[in-house]
J.: 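The structure follows.
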There are 4 protein chains.
Amino acid sequence: MRNLRNSVQLIGNVGSAPEVKAFDSGRVKATCSIATNSSYKNQKGEKIEETQWHNLVFWGKLAEVVSEYVKKGNEIAIEGKLIHRAYDGPKGEKRYITEITVNDMMMLGGKKR
Amino acid sequence: MRNLRNSVQLIGNVGSAPEVKAFDSGRVKATCSIATNSSYKNQKGEKIEETQWHNLVFWGKLAEVVSEYVKKGNEIAIEGKLIHRAYDGPKGEKRYITEITVNDMMMLGGKKR
Amino acid sequence: MRNLRNSVQLIGNVGSAPEVKAFDSGRVKATCSIATNSSYKNQKGEKIEETQWHNLVFWGKLAEVVSEYVKKGNEIAIEGKLIHRAYDGPKGEKRYITEITVNDMMMLGGKKR
Amino acid sequence: MRNLRNSVQLIGNVGSAPEVKAFDSGRVKATCSIATNSSYKNQKGEKIEETQWHNLVFWGKLAEVVSEYVKKGNEIAIEGKLIHRAYDGPKGEKRYITEITVNDMMMLGGKKR
DNA sequence: TTTT
DNA sequence: TTTT
């Protein structure tokens with residue numbers, strides 16, 4: 001039932017080469033960020049460009065695909081789950097991060113890319 | 001084109017009464033948080049309950065509907081846009097928040113609730 | 001990759017009790033239709049109610065859940081894949097049907113229903 | 001509320017040049033079909049390619065964009081509403097068609113296409 | 001801070 | 001054939 005309760009879809013460009021980490025358990029994790037661009041007109045009629053950066057996390061088979069094929073600048077589409085979590089910073093303070101655990105990924109634009 | 005590039009759908013329960021703010025411009029903003037619940041079995045076979053809390057922001061007509069009808073505990077479905085933004089904390093430090101600007105909202109379960 | 005290429009989400013009311021069929025292979029199939037209602041104002045300013053009926057198909061575990069819990073009139077949310085297929089009518093003519101093969105289903109409105 | 005009750009997302013390739021029709025009222029309609037491809041392994045382990053063809057309908061500004069930029073073979077992403085309707089065939093018989101009324105469209109793959 |  |  002996960003998909004219906006918490007689902008995110010993004011189409012955007014990858015900000016840098018994915019980081020890949022293999023755990024002792026054999027599990028593989030890949031992370032990258034993706035920019036989604038939109039534009040709108042403000043009250044003065046000026047066109048405003050707005051970019052949002054999102055943190056993506058891929059696991060298992062999908063992480064392997066990402067580590068092999070996804071390059072900086074590629075346009076991709078993803079579907080995932082929105083996660084907010086806390087972790088301890090270097091000085092012991094609480095830090096918060098929002099990530100999308102990706103369930104599905106497509107590379108867009110055909111083989112040229 | 002916004003919808004296809006950045007879209008979130010959530011179904012969950014409202015954590016507390018919405019906060020409503022009317023601006024001098026006449027624009028109305030409502031905010032609330034919603035919990036999405038899921039459960040999974042861990043490697044030991046134990047059932048783990050996991051709750052994610054999300055910040056929702058409603059504007060205009062939708063904010064008015066929310067302020068009038070949405071109560072603590074209600075189950076709602078929303079579609080919106082995932083936004084990450086920075087603001088200055090009380091000590092001048094940068095703080096970060098993730099919000100969903102809601103485009104569409106439905107109250108679930110009929111009038112009984 | 002299926003989910004990103006072809007995905008439908010519906011929220012609506014079940015039109016009649018699901019039909020369940022168990023195959024010799026042990027596989028279970030359940031079908032039902034659901035109505036999605038919307039309203040809009042026409043050019044004369046009259047409120048027009050519009051109902052769309054959709055054919056849903058559930059397989060396996062999900063079909064069992066549907067056959068046990070889903071009743072006529074229930075409000076459900078589904079995510080699935082849009083399928084168009086042809087079959088032979090009683091006079092040998094080609095007939096066409098559109099169905100949604102459901103991947104995920106939620107019953108809305110709590111146990112009260 | 002339309003979007004949450006009835007929403008379809010497709011990513012696929014356009015099957016032929018869009019057909020465009022301008023009505024006396026000034027309203028513009030464009031239609032095309034789009035193929036979504038998926039593959040799966042059957043019980044014998046053979047890879048099966050499956051293509052679904054969907055009918056898309058665009059109105060107004062979006063129809064104009066489609067008529068100008070969308071060509072046969074282009075990869076596009078759309079979000080829309082699933083509609084089933086009846087019309088009279090040439091012999092007065094009832095015919096049924098399923099269409100997606102598109103709310104949002106993106107051309108994928110950059111300007112190269 | 002919700003709900004089942 | 002549903003629901004509000």
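Note on naming: letters A, B, ... go to the chains in the order of the sequence lines (proteins, then strands), and numbering restarts at 1 for each one. These figures come from a predicted structure and were not determined experimentally.
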J.: Would you kindly give the CG-to-C1' distance between B:Leu10 and E:dT1, to the nearest whole Å?
T.: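 Rounded to whole Å, this separation is 16 Å.
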J.: Let me know the distance between CG of A:Leu4 and P of E:dT4, rounded to the nearest Å.
T.: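 Whole-Å distance recorded here is 18 Å.
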J.: Report the nucleotide, chosen from F:dT1, E:dT1, F:dT3, that has the shortest atom-to-atom distance to any side-chain atom of C:Asn37.
T.: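 For the C:Asn37 side chain, the nearest candidate turns out to be F:dT3.
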J.: Could you state the atom-to-atom distance from NZ of B:Lys71 to C1' of E:dT2 in whole Å?
T.: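 Whole-Å distance recorded here is 16 Å.
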J.: Could you tell me the separation between the CE atom of C:Met107 and the C1' atom of F:dT2, rounded to a whole number of Å?
T.: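 Interatomic distance, CE of C:Met107 to C1' of F:dT2: 14 Å.
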J.: If the condition is side chain to side chain donor-acceptor pair (under 3.5 Å), which residues does C:Glu68 pass it with, not counting sequence neighbours?
T.: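 Counting only residues at least two positions away or on another chain, C:Glu68 forms no side chain to side chain donor-acceptor pair (under 3.5 Å).
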J.: Nearest whole Å is fine: how far is E:dT4 P from A:Arg5 CZ?
T.: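 Computing the A:Arg5:CZ to E:dT4:P distance gives 10 Å.
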J.: Regarding A:Thr36 and A:His54, is there a side-chain donor-to-acceptor distance under 3.5 Å anywhere?
T.: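 Looking only at side-chain atoms, A:His54 and A:Thr36 do form a donor-acceptor pair, the distance falling under 3.5 Å.
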J.: Nearest whole Å is fine: how far is E:dT2 P from B:Asn74 CG?
T.: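 Rounding to the nearest Å, CG of B:Asn74 and P of E:dT2 are 13 Å apart.
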J.: Can you run down the side-chain hydrogen bond (donor to acceptor under 3.5 Å, both in side chains) pairs that involve residues 85-95 of chain C, sequence neighbours left out, and say none if there aren't any?
T.: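 Matches after skipping sequence neighbours: C:Arg85-C:Glu99, C:Asp88-C:Lys94, C:Glu93-C:Arg95.
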J.: Which residues satisfy the side chain to side chain contact (heavy atoms under 4.5 Å, CB included) test with C:Thr31, sequence neighbours excluded?
T.: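 Partners of C:Thr31 under the side chain to side chain contact (heavy atoms under 4.5 Å, CB included) test: C:Glu19, C:Lys29, C:Val57.
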J.: Closest approach to the side chain of B:Asn13, judged atom by atom: which nucleotide of E:dT1, E:dT3, F:dT1 is it?
T.: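 For B:Asn13, the side-chain atoms sit closest to E:dT3.
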J.: To the nearest Å, how far apart are B:Leu108 CG and E:dT4 C1'?
T.: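 In whole Å, E:dT4 C1' and B:Leu108 CG are 15 Å from each other.
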J.: Whole angstroms only, please: what is the CD-P distance between C:Glu75 and F:dT3?
T.: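 Nearest whole value for this atom pair: 11 Å.
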J.: Could you work out, with side chain to side chain donor-acceptor pair (under 3.5 Å) as the rule, every residue matching A:Thr101, not counting sequence neighbours?
T.: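 Result, side chain to side chain donor-acceptor pair (under 3.5 Å) vs A:Thr101: none returned.
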J.: Would you jot down, in residue-number order, the residues of residues 43-56 of chain C having a non-hydrogen atom under 4.0 Å from DNA chain F?
T.: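 Contacts with DNA chain F under 4.0 Å: C:Thr51, C:Trp53.
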J.: List the residues meeting side chain to side chain contact (heavy atoms under 4.5 Å, CB included) with D:Glu49, not counting sequence neighbours, and say none if there are none.
T.: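 D:Ser39, D:Lys47.
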